[in-house]
Amino acid sequence: MIDKLEFFIALAKEEHFGRAAEQLGITQPTLSAAIKQLEDQLGVMLVRRGSRFQGLTPEGEQVLAWARRIVGDTRAMREEMRAARKGLSGRIRIAAIPTALAMVAKLTTPFREKHPGVTFSVLSRTSIEVLSLLGNFDIDAGITYLDNEPLGRVTSVPIYSERYQLITAAGNPHSDSASVTWAEVSRLPLCLLTPDMQNRRIIDQHLAEAGVNVRPTLESNSMIVLFSHIRTGKWSSIMPLNLTETFGFSEPIRAIPIVNPDASHVVGLVAARREPHTPLVSALLEEAMTLANDFGIRR
(Lines give C-alpha, C1' and ligand atoms only; values in the text may rest on other atoms or scores of the structure.)
Protein backbone atom coordinates (compact mmCIF):
# COMPACT_ATOMS: atom_id res chain seq x y z
CA MET A 1 0.00 0.00 0.00
CA ILE A 2 2.80 2.46 0.88
CA ASP A 3 4.53 1.84 -2.45
CA LYS A 4 1.28 2.36 -4.33
CA LEU A 5 0.61 5.61 -2.48
CA GLU A 6 4.10 6.83 -3.36
CA PHE A 7 3.41 5.94 -7.01
CA PHE A 8 0.13 7.86 -6.83
CA ILE A 9 1.84 10.94 -5.37
CA ALA A 10 4.43 10.85 -8.18
CA LEU A 11 1.67 10.60 -10.81
CA ALA A 12 -0.23 13.52 -9.29
CA LYS A 13 2.95 15.59 -9.33
CA GLU A 14 4.07 14.77 -12.87
CA GLU A 15 0.54 14.63 -14.37
CA HIS A 16 1.87 12.15 -16.91
CA PHE A 17 2.21 8.36 -16.61
CA GLY A 18 5.44 8.20 -18.62
CA ARG A 19 7.23 10.96 -16.70
CA ALA A 20 6.03 9.60 -13.35
CA ALA A 21 7.25 6.10 -14.21
CA GLU A 22 10.63 7.48 -15.28
CA GLN A 23 10.93 9.48 -12.07
CA LEU A 24 10.10 6.37 -10.02
CA GLY A 25 12.47 4.15 -11.99
CA ILE A 26 9.73 1.72 -13.07
CA THR A 27 7.95 0.92 -16.33
CA GLN A 28 4.76 2.69 -17.33
CA PRO A 29 2.74 -0.57 -17.31
CA THR A 30 3.94 -1.25 -13.75
CA LEU A 31 2.79 2.20 -12.67
CA SER A 32 -0.59 1.85 -14.41
CA ALA A 33 -1.16 -1.56 -12.80
CA ALA A 34 -0.27 -0.22 -9.34
CA ILE A 35 -2.71 2.70 -9.66
CA LYS A 36 -5.44 0.31 -10.85
CA GLN A 37 -4.75 -1.99 -7.87
CA LEU A 38 -4.94 1.01 -5.52
CA GLU A 39 -8.30 2.00 -7.02
CA ASP A 40 -9.57 -1.57 -6.59
CA GLN A 41 -8.43 -1.65 -2.96
CA LEU A 42 -10.11 1.68 -2.16
CA GLY A 43 -13.17 1.05 -4.31
CA VAL A 44 -13.05 4.42 -6.10
CA MET A 45 -11.65 5.87 -9.31
CA LEU A 46 -8.65 8.08 -8.59
CA VAL A 47 -7.54 9.16 -12.07
CA ARG A 48 -9.54 10.44 -15.03
CA ARG A 49 -8.25 8.46 -17.96
CA GLY A 50 -8.44 8.92 -21.70
CA SER A 51 -5.72 8.58 -24.27
CA ARG A 52 -3.54 10.28 -21.62
CA PHE A 53 -3.66 11.53 -18.02
CA GLN A 54 -6.58 13.95 -17.60
CA GLY A 55 -6.31 14.78 -13.91
CA LEU A 56 -7.53 13.39 -10.61
CA THR A 57 -11.12 12.67 -9.72
CA PRO A 58 -12.59 14.39 -6.62
CA GLU A 59 -11.95 11.15 -4.74
CA GLY A 60 -8.41 11.17 -6.12
CA GLU A 61 -7.82 14.62 -4.65
CA GLN A 62 -9.00 13.35 -1.25
CA VAL A 63 -6.79 10.28 -1.46
CA LEU A 64 -3.82 12.45 -2.48
CA ALA A 65 -4.07 14.41 0.78
CA TRP A 66 -4.18 11.16 2.76
CA ALA A 67 -1.36 9.67 0.69
CA ARG A 68 0.94 12.60 1.44
CA ARG A 69 0.17 12.31 5.14
CA ILE A 70 0.65 8.53 5.27
CA VAL A 71 3.82 8.50 3.18
CA GLY A 72 5.24 11.41 5.20
CA ASP A 73 4.54 9.60 8.48
CA THR A 74 6.06 6.40 7.11
CA ARG A 75 9.24 8.18 6.09
CA ALA A 76 9.39 9.86 9.49
CA MET A 77 9.03 6.48 11.24
CA ARG A 78 11.79 4.92 9.14
CA GLU A 79 14.11 7.87 9.77
CA GLU A 80 13.41 7.79 13.51
CA MET A 81 14.26 4.09 13.68
CA ARG A 82 17.46 4.70 11.70
CA ALA A 83 18.38 7.53 14.07
CA ALA A 84 17.73 5.25 17.05
CA ARG A 85 20.18 2.69 15.62
CA LYS A 86 22.89 4.92 14.17
CA GLY A 87 22.32 8.49 15.34
CA LEU A 88 21.35 11.27 12.94
CA SER A 89 22.38 10.49 9.38
CA GLY A 90 21.08 10.89 5.87
CA ARG A 91 20.51 13.83 3.54
CA ILE A 92 18.59 17.03 4.26
CA ARG A 93 17.08 18.67 1.19
CA ILE A 94 16.68 22.46 1.50
CA ALA A 95 15.28 24.98 -0.98
CA ALA A 96 15.95 28.66 -0.35
CA ILE A 97 14.93 31.92 -2.00
CA PRO A 98 17.91 33.54 -3.80
CA THR A 99 18.35 36.38 -1.30
CA ALA A 100 18.65 33.84 1.56
CA LEU A 101 21.18 31.52 -0.10
CA ALA A 102 24.13 33.29 1.50
CA MET A 103 22.62 32.59 4.94
CA VAL A 104 22.24 28.84 4.44
CA ALA A 105 25.83 28.15 5.49
CA LYS A 106 25.12 29.73 8.89
CA LEU A 107 22.55 26.96 9.39
CA THR A 108 24.19 23.97 7.72
CA THR A 109 27.74 24.44 9.03
CA PRO A 110 27.02 24.28 12.80
CA PHE A 111 24.42 21.55 12.14
CA ARG A 112 26.96 19.29 10.43
CA GLU A 113 29.52 19.92 13.17
CA LYS A 114 27.00 18.40 15.60
CA HIS A 115 25.85 15.68 13.20
CA PRO A 116 28.73 14.68 10.88
CA GLY A 117 26.72 11.81 9.39
CA VAL A 118 24.35 14.27 7.69
CA THR A 119 24.78 15.63 4.16
CA PHE A 120 22.88 18.43 2.44
CA SER A 121 21.30 19.28 -0.88
CA VAL A 122 20.58 23.02 -1.33
CA LEU A 123 18.49 24.41 -4.18
CA SER A 124 17.72 27.99 -5.24
CA ARG A 125 13.97 28.40 -5.80
CA THR A 126 11.23 31.03 -5.73
CA SER A 127 9.10 31.29 -2.59
CA ILE A 128 6.17 29.67 -4.42
CA GLU A 129 8.36 26.78 -5.55
CA VAL A 130 9.69 26.32 -1.99
CA LEU A 131 6.16 25.73 -0.69
CA SER A 132 5.25 23.48 -3.62
CA LEU A 133 8.35 21.32 -3.14
CA LEU A 134 7.60 21.09 0.57
CA GLY A 135 4.04 19.96 -0.07
CA ASN A 136 5.21 17.28 -2.52
CA PHE A 137 7.91 15.90 -0.15
CA ASP A 138 10.61 16.92 -2.64
CA ILE A 139 12.43 18.85 0.09
CA ASP A 140 12.64 18.55 3.86
CA ALA A 141 12.72 22.27 4.64
CA GLY A 142 12.73 25.67 2.98
CA ILE A 143 14.03 29.15 3.71
CA THR A 144 11.65 31.89 2.62
CA TYR A 145 9.75 35.01 3.67
CA LEU A 146 7.36 34.47 6.57
CA ASP A 147 5.40 37.72 6.76
CA ASN A 148 4.55 38.84 3.23
CA GLU A 149 2.57 36.19 1.31
CA PRO A 150 0.49 33.22 2.61
CA LEU A 151 2.49 30.17 3.67
CA GLY A 152 -0.26 27.60 4.13
CA ARG A 153 0.11 24.79 6.68
CA VAL A 154 3.77 24.88 7.68
CA THR A 155 5.87 24.99 10.81
CA SER A 156 8.06 28.10 10.71
CA VAL A 157 11.01 29.51 12.66
CA PRO A 158 11.85 33.21 12.08
CA ILE A 159 15.62 33.56 11.62
CA TYR A 160 16.44 37.13 10.59
CA SER A 161 14.91 40.38 9.39
CA GLU A 162 15.69 41.54 5.84
CA ARG A 163 16.35 45.28 5.30
CA TYR A 164 17.13 46.94 2.00
CA GLN A 165 20.03 48.96 0.64
CA LEU A 166 20.93 50.68 -2.60
CA ILE A 167 24.03 49.01 -4.03
CA THR A 168 25.85 51.32 -6.44
CA ALA A 169 29.32 52.35 -7.57
CA ALA A 170 31.22 55.32 -6.21
CA GLY A 171 30.59 58.39 -8.33
CA ASN A 172 27.03 57.36 -9.19
CA PRO A 173 24.12 59.48 -7.90
CA HIS A 174 23.58 59.08 -4.12
CA SER A 175 26.78 57.01 -3.71
CA ASP A 176 28.00 59.38 -0.95
CA SER A 177 24.61 59.78 0.74
CA ALA A 178 23.98 58.57 4.30
CA SER A 179 20.60 57.26 3.14
CA VAL A 180 18.35 57.35 0.08
CA THR A 181 14.59 57.22 -0.39
CA TRP A 182 12.68 54.67 -2.47
CA ALA A 183 11.60 57.49 -4.79
CA GLU A 184 15.22 58.51 -5.39
CA VAL A 185 16.24 54.92 -6.06
CA SER A 186 13.52 54.56 -8.71
CA ARG A 187 15.28 57.09 -10.96
CA LEU A 188 18.50 55.05 -11.23
CA PRO A 189 19.34 52.37 -13.85
CA LEU A 190 18.49 49.26 -11.83
CA CYS A 191 19.16 45.57 -12.20
CA LEU A 192 16.70 43.51 -10.13
CA LEU A 193 15.48 39.99 -9.64
CA THR A 194 12.71 38.78 -11.95
CA PRO A 195 9.03 39.35 -11.01
CA ASP A 196 8.51 35.66 -10.09
CA MET A 197 10.78 36.29 -7.08
CA GLN A 198 9.06 37.48 -3.92
CA ASN A 199 11.98 39.83 -3.21
CA ARG A 200 11.13 41.66 -6.45
CA ARG A 201 7.44 41.81 -5.52
CA ILE A 202 8.42 43.28 -2.15
CA ILE A 203 10.61 45.92 -3.83
CA ASP A 204 7.84 46.80 -6.29
CA GLN A 205 5.42 47.09 -3.37
CA HIS A 206 7.61 49.58 -1.50
CA LEU A 207 8.25 51.60 -4.65
CA ALA A 208 4.49 51.76 -5.24
CA GLU A 209 3.95 52.89 -1.64
CA ALA A 210 6.40 55.72 -2.37
CA GLY A 211 4.24 56.71 -5.35
CA VAL A 212 6.66 55.51 -8.02
CA ASN A 213 7.22 52.47 -10.19
CA VAL A 214 10.31 51.32 -11.97
CA ARG A 215 11.26 49.49 -15.11
CA PRO A 216 14.61 47.89 -14.39
CA THR A 217 17.11 47.96 -17.24
CA LEU A 218 18.05 44.36 -16.45
CA GLU A 219 16.24 41.48 -14.74
CA SER A 220 17.67 38.10 -13.72
CA ASN A 221 16.81 35.21 -11.40
CA SER A 222 20.51 34.93 -10.50
CA MET A 223 22.17 36.99 -7.78
CA ILE A 224 25.53 36.36 -9.46
CA VAL A 225 24.29 38.08 -12.61
CA LEU A 226 23.16 41.09 -10.57
CA PHE A 227 26.47 41.25 -8.69
CA SER A 228 28.47 41.12 -11.92
CA HIS A 229 26.50 44.02 -13.42
CA ILE A 230 26.82 46.14 -10.28
CA ARG A 231 30.59 45.69 -10.40
CA THR A 232 30.74 47.27 -13.86
CA GLY A 233 29.87 50.58 -12.19
CA LYS A 234 27.06 51.18 -14.70
CA TRP A 235 24.23 49.52 -12.79
CA SER A 236 22.68 49.84 -9.36
CA SER A 237 20.48 47.41 -7.45
CA ILE A 238 18.36 47.02 -4.32
CA MET A 239 19.54 44.21 -2.08
CA PRO A 240 19.00 43.03 1.50
CA LEU A 241 21.45 44.28 4.12
CA ASN A 242 22.33 40.75 5.28
CA LEU A 243 23.24 39.73 1.72
CA THR A 244 25.59 42.67 1.21
CA GLU A 245 27.19 42.04 4.61
CA THR A 246 27.74 38.36 3.82
CA PHE A 247 29.37 38.90 0.43
CA GLY A 248 30.99 42.20 1.29
CA PHE A 249 31.50 45.07 -1.13
CA SER A 250 34.90 46.74 -1.30
CA GLU A 251 35.53 50.10 -2.89
CA PRO A 252 34.30 51.42 -5.23
CA ILE A 253 30.92 49.71 -4.48
CA ARG A 254 28.77 51.43 -1.87
CA ALA A 255 25.77 50.19 0.16
CA ILE A 256 23.34 52.95 1.22
CA PRO A 257 20.31 52.32 3.47
CA ILE A 258 16.92 52.96 1.83
CA VAL A 259 14.43 54.89 3.98
CA ASN A 260 10.92 56.31 3.76
CA PRO A 261 10.03 53.65 4.69
CA ASP A 262 12.84 51.75 6.40
CA ALA A 263 11.20 48.47 5.37
CA SER A 264 11.94 45.01 6.76
CA HIS A 265 10.60 41.50 6.20
CA VAL A 266 11.20 38.33 8.21
CA VAL A 267 12.92 35.33 6.62
CA GLY A 268 12.87 31.94 8.26
CA LEU A 269 12.90 28.17 8.02
CA VAL A 270 9.72 26.35 7.04
CA ALA A 271 8.87 22.66 7.25
CA ALA A 272 5.71 20.66 6.63
CA ARG A 273 3.41 20.85 9.65
CA ARG A 274 3.33 17.38 11.18
CA GLU A 275 3.80 15.76 14.56
CA PRO A 276 6.22 14.30 15.08
CA HIS A 277 8.73 15.75 12.65
CA THR A 278 11.44 13.46 11.39
CA PRO A 279 14.55 13.51 13.61
CA LEU A 280 16.50 15.36 10.90
CA VAL A 281 13.86 18.07 10.50
CA SER A 282 13.41 18.41 14.28
CA ALA A 283 17.16 18.92 14.69
CA LEU A 284 17.20 21.43 11.83
CA LEU A 285 14.34 23.42 13.41
CA GLU A 286 16.29 23.51 16.68
CA GLU A 287 19.38 24.76 14.84
CA ALA A 288 17.28 27.48 13.22
CA MET A 289 16.08 28.60 16.66
CA THR A 290 19.71 28.88 17.79
CA LEU A 291 20.54 30.93 14.70
CA ALA A 292 17.51 33.15 15.34
CA ASN A 293 18.84 33.88 18.84
CA ASP A 294 22.18 34.91 17.28
CA PHE A 295 20.30 37.41 15.10
CA GLY A 296 18.18 38.59 18.01
CA ILE A 297 14.89 37.52 16.39
CA ARG A 298 11.95 36.98 18.71
CA ARG A 299 9.88 33.90 17.96
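- The shortest heavy-atom contact between I139 and A95 is CD1-CB, 3.8 Å.
- Residues that satisfy the ring pair (Phe, Tyr, Trp, His ring centres under 6.0 Å) test with H206, not counting sequence neighbours, are W182, H265.
- Atoms CG and CE, from L192 and M239 in turn, are 8.5 Å apart once rounded to the nearest 0.5 Å.
- Applying the salt bridge (charged side-chain N to carboxylate O under 4.0 Å, His left out) rule to pairs touching residues 188-213 yields E149-R201, R200-D204, R200-E219, sequence neighbours excluded.
- Using a 4.5 Å heavy-atom cutoff, the side chains of T278 and D140 are not in contact.
- For residues 178-189, no residue pair satisfies the salt bridge (charged side-chain N to carboxylate O under 4.0 Å, His left out) rule, not counting sequence neighbours.
- Every residue meeting the salt bridge (charged side-chain N to carboxylate O under 4.0 Å, His left out) condition with K13, not counting sequence neighbours, appears here in chain and number order: D138.
- Pairs of residues two or more places apart, or lying in two chains, never qualify as side chain to side chain donor-acceptor pair (under 3.5 Å) while including a residue from residues 14-23.
- Inter-residue side-chain proximity for V281 and L285 is flagged as met; some heavy-atom pair is nearer than 4.5 Å.
- The shortest side-chain heavy-atom distance between F111 and L291 does not fall under the 4.5 Å cut-off.
- Looking at C191 and V225, their side chains never come closer than 4.5 Å, going by heavy atoms from C-beta outward.
- Residue pairs meeting the salt bridge (charged side-chain N to carboxylate O under 4.0 Å, His left out) criterion with at least one partner in residues 282-293, sequence neighbours excluded, are K114-E287.
- In this structure, I9 and L64 have side chains that are in contact, with non-hydrogen atoms separated by less than 4.5 Å.
- Not counting sequence neighbours, R112 has no partner by the side chain to side chain donor-acceptor pair (under 3.5 Å) test.
- The heavy-atom pair separating L151 from T144 by the smallest distance is CD2-CG2, 4.2 Å.
- For residues 94-109, every residue pair satisfying the side chain to side chain donor-acceptor pair (under 3.5 Å) rule, not counting sequence neighbours, is listed here: T99-Y145, T99-E162.
- The two residues R68 and F137 have their closest heavy-atom pair at O-CZ, 2.6 Å.
- When every heavy atom of L284 is checked against every heavy atom of A141, the shortest pair comes out as CD2-CB, 3.7 Å.
- Partners of R163 according to the salt bridge (charged side-chain N to carboxylate O under 4.0 Å, His left out) rule, which considers only residues two or more places apart in sequence or in another chain, are D262.
- Listed by chain and residue number, nothing satisfies the salt bridge (charged side-chain N to carboxylate O under 4.0 Å, His left out) test with E129 (two or more places apart in sequence, or in another chain).
- Nearest heavy atom pair, residue T57 against residue M45, reads OG1-O, 2.6 Å.
- When side chains are defined from C-beta on, Q198 does not count as touching I97, because their heavy atoms never get closer than 4.5 Å.
- By the side chain to side chain contact (heavy atoms under 4.5 Å, CB included) test, S124 is found to be paired with P98, L101, residues two or more places apart in sequence or in another chain being considered.
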Report all side-chain donor-acceptor pairs from residues 170-178 shorter than 3.5 Å, counting only partners two or more places apart or in another chain.
| unit_1 | atom_1 | unit_2 | atom_2 | d |
| --- | --- | --- | --- | --- |
| N172 | ND2 | T168 | OG1 | 3.0 |
| N172 | ND2 | G233 | O | 3.3 |
| S175 | OG | G171 | N | 3.1 |
| S175 | OG | N172 | O | 2.9 |
| D176 | OD1 | R254 | NH1 | 2.6 |
| S177 | OG | H174 | O | 3.4 |

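- Side-chain atoms of I167 and S236, non-hydrogen and from C-beta on, never get closer than 4.5 Å to each other.
- For the pair L56 and V47, the minimum side-chain heavy-atom distance is below 4.5 Å.
- Pairing each heavy atom of S222 with each of S220, the nearest pair is N-OG, 3.0 Å.
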